[in-house]
Amino acid sequence: MAALLARLFGSLGVLVAVSLVLFALIHANPVSPARVVLGNDASEEDIAEFNAERGLDRPVAAQYLAWAGAALRGEFGRSLVDDTAITRTIAQTMPVTLELVLWAFLVALAVALPLGIVSALYEDRWVDHLARALATIGVSIPGFWLGLMLIAWGAVGLGWFPAGGYVSWEMGAWPHLRAMVLPALALGLYYVAIISRMTRSAMGDVMLAEHVRVSRAMGLGRGRLMVYTLRNALPPVITVAAMSFGYMFGWALIVEQVFTLPGMSRALLNAIFRRDYIMILDIVLIITAIFLLANLIADALHRLVDPRVAR
Amino acid sequence: MSGAALSVETAPRTARQARDPLFLLGSAIVVLSLVLMVIGPWIAPYDVGRPTDDIAVPPPDLAEVPGLLYAVITGAPHEPIHWFGTDTAGLDVFSRVIAAPRTDVAIALGANLASLVLGSLLGLLAGTARPWLGALEMRLSDLVQAFPVFITGMILVTLAGRSFTTIVLTLALLYTPIYVRLTRAEVLTQRHRGFVDAARALGKGEAFLALRHVLPNALAPALIQASVTVGFAILMTAGLSFVGAGVRPPAPEWGLMIAAGADQIIQGEWWTSVFPGLAISLTVFGYACFGNGLERRHAR
């Protein structure tokens, strides 16, 4: 428990450090949001007024503290460009991204775990070769291109799925889920490859261990043996799955672009192109926090599965 | 020097090695990508920047391909051929696909070379210098790796100005921690091997030992990783330009080409984005197979 708390504080430290680095980085950039919003022929006075209104004329340290204080209270501030409340933008867009990532994650786990296990059980047989080839192909295909191919196949060709766009839950569960199938596949395939590969190698390592050999020699059934092996092979798989979950958010943004899903990608891309600092900062921090949280959960699960770590 | 590090146990492996078809395929793809990186734009049949008069022409039917190839080889008179069709601007897709490694592969290699050199030197330092320096480097690596890679890439490249150089530097920064970790871990196991202790007993300085004996032997995992990371870097470069945060159009670049063809795919004009995507997948697959093959050899 103490170790977990230490990890938690470590993660908070990383989060603060990430926000500091981002803040410094963004403020070191010569293009100011005032220039982007007001255009190249805005007068110096206009720009000064723009900056004064939004507190951009204060020292960077003061700006950071003001932002951090508000963020701690759950108040993410207003967009520098169009003055909308960022909390609202995030509340509207985040659920879509989160749902996409969750489906993709479930798809990845549901395919990767059986694939990795079968691959390890039948090492060097054709199933294993096939699974490994699939894993290598899976990490080679860019998700955004796969998305386009899925649209060409499942939407244009077969007509089973919509070619893009978001259908809210109110329109019915089936239409909603149908619109999420292709994006989830496009995002999940890469992680099928990553997770199945890790499952296979972790299972393979454990199956060579003495206790497994002894159990087999004592006549333990294949099913029981597999359950024990799997449990011992889980920790690295959990770690990789959690990291994948975190990384998925980055790539989810590009998949959202392909399928025109109203997730965080549009807000973030607009913010980046228009130098909307506060918006960039908030979105990146949320995604980083999710990444760190996923790792913490993995750590806790790890301790649950393998009490020796908790010691 | 790196070659020496990778081929310590050369003698007993020939038999199984020959039967690693994926490694052979991977090596062939890697070589092809390097060749195209150098001469791709020169051997492209059409100018990659100047539109032709053929707008959105589909590629020839598979059945016609042998006949067309025959005509090209024998020099028989024939219509201008667009192997992969042309896009809505009239640009020849085949020419652009084979010219793109000059951008995609060059960025990926440049970024990896920079991060490999920087990362392995920092890793060597972390593994041999005072413990607090190593600990500091590890914390910094944690910090860099806590940033979401793709999003941070987007932000850094856009803020620094979208260009070849900024993409290389951004990717190099993001990938350096990988090499720091790998090299440090390997240095820690290598620095007290027998031959290092022997050289130490002869009175050689620590800096000399680190560079002459430890580093060459600690490089193998980093070099193997590099092959896989080049693949990531290609995916990342293409992804950045796909969302408009990478190389600027109209440069021949795989991600840009896919983005340009994305709108047409609904109308059944598949070729403008299918071929560049296949090129990415094949290239990344090749580097991954090459890396896996190297890893298996090294482990043996």
Side-chain angles (χ1 to χ4, degrees), chain A residues 10-11 13-15 17-18 21-22 25-26 28-31 129 132-133 135-149 151-152 155-157 163-164 190 193 243 246-247 249-254 257-258 264-265 268-269 271-273 275 280 283-284 287-288 290-292 295, chain B residues 22 26 139-140 142-161 228 231-232 234-240 242-245 254-255 258-259 261-270 273-274 276-289 291-292:
Chain A
S11 300
V14 171
L15 210 54
V18 165
V21 170
L22 265 179
L25 204 76
I26 286 169
N29 185 50
V31 183
H129 289 301
R132 272 160 55 197
T136 313
I137 293 171
V139 292
S140 311
I141 299 179
F144 54 96
W145 181 71
L146 180 64
L148 285 175
M149 296 304 108
I151 290 176
V156 180
Y190 187 87
M243 289 182 67
Y247 286 136
F249 277 86
W251 295 103
L253 301 186
I254 207 174
Q257 289 286 306
V258 175
M264 290 195 291
S265 62
L268 180 65
L269 277 173
I272 292 177
F273 293 135
R275 307 292 194 272
I280 299 178
I283 294 182
V284 174
I287 292 176
T288 310
I290 293 174
F291 178 74
L292 293 170
N295 280 316
Chain B
L22 281 183
R139 290 296 81 75
L140 282 177
D142 285 342
L143 178 61
V144 173
Q145 291 188 314
F147 280 93
V149 185
F150 185 68
I151 296 172
T152 311
M154 254 161 52
I155 296 172
L156 286 178
V157 173
T158 315
L159 290 187
V228 180
F232 292 164
I234 292 175
L235 289 177
M236 178 101 164
T237 308
L240 286 175
F242 182 81
V243 295
W254 290 327
I258 295 175
D263 299 330
Q264 272 76 47
I265 217 158
I266 311 263
Q267 290 140 35
E269 201 180 290
W270 49 273
S273 45
V274 164
L278 282 177
I280 297 179
S281 305
L282 197 66
T283 313
V284 178
F285 180 74
Y287 278 91
C289 290
N292 290 346

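We name chains A, B, ... by the order of the sequence lines, and we start the count at 1 in each one.
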Between the CZ atom in B/Phe232 and the CD1 atom in B/Ile234, the distance rounded to the nearest 0.5 Å is 11.5 Å

Rounded to the nearest 0.5 Å, how far does CG of A/Leu269 lie from CD of A/Gln257? 5.0 Å

Under a 4.5 Å heavy-atom cut-off, does chain B meet the side chain of [X], its backbone, both or neither?
X	answer
A/Ile283	neither
A/Leu253	side chain
A/Ile141	both
A/Ile151	side chain
A/Ile280	side chain

When heavy-atom pairs shorter than 4.5 Å are enumerated against chain B, which of A/Tyr247, A/Phe249, A/Trp251 gives the highest number? A/Trp251

May I ask you to name which of A/Val18, A/Asn295, A/Thr288 has the most heavy-atom pairs under 4.5 Å with chain B? A/Val18

Measuring heavy-atom distances to chain A, does [X] have an atom under 4.5 Å in its side chain, in its backbone, in both, or in neither?
X	answer
B/Gln145	backbone
B/Phe242	side chain
B/Val274	both

Do you know which of B/Ser273, B/Gly255, B/Ala288 has the most heavy-atom pairs under 4.5 Å to chain A? B/Ser273

Output the option from B/Ala259, B/Gly261, B/Ala160, B/Gly239 having the highest count of non-hydrogen pairs under 4.5 Å with chain A. B/Gly239

Applying side chain to side chain donor-acceptor pair (under 3.5 Å) as the test, list every pair that has at least one member in residues 136-149 of chain A; sequence neighbours left out. none

Taking all atoms of both residues into account, what is the closest heavy-atom pair of [X] and [Y], and its distance?
X	Y	value
B/Ile280	A/Pro142	CG2-CG, 3.8 Å
A/Val258	A/Gly147	CG1-C, 4.1 Å
B/Leu240	B/Phe150	N-CE1, 3.8 Å

Could you tell me whether the side chain of B/Leu235 reaches within less than 4.5 Å of the side chain of A/Phe144, counting heavy atoms only? no

Do the side chains of B/Thr158 and A/Arg275 get nearer than 4.5 Å, heavy atoms only? yes

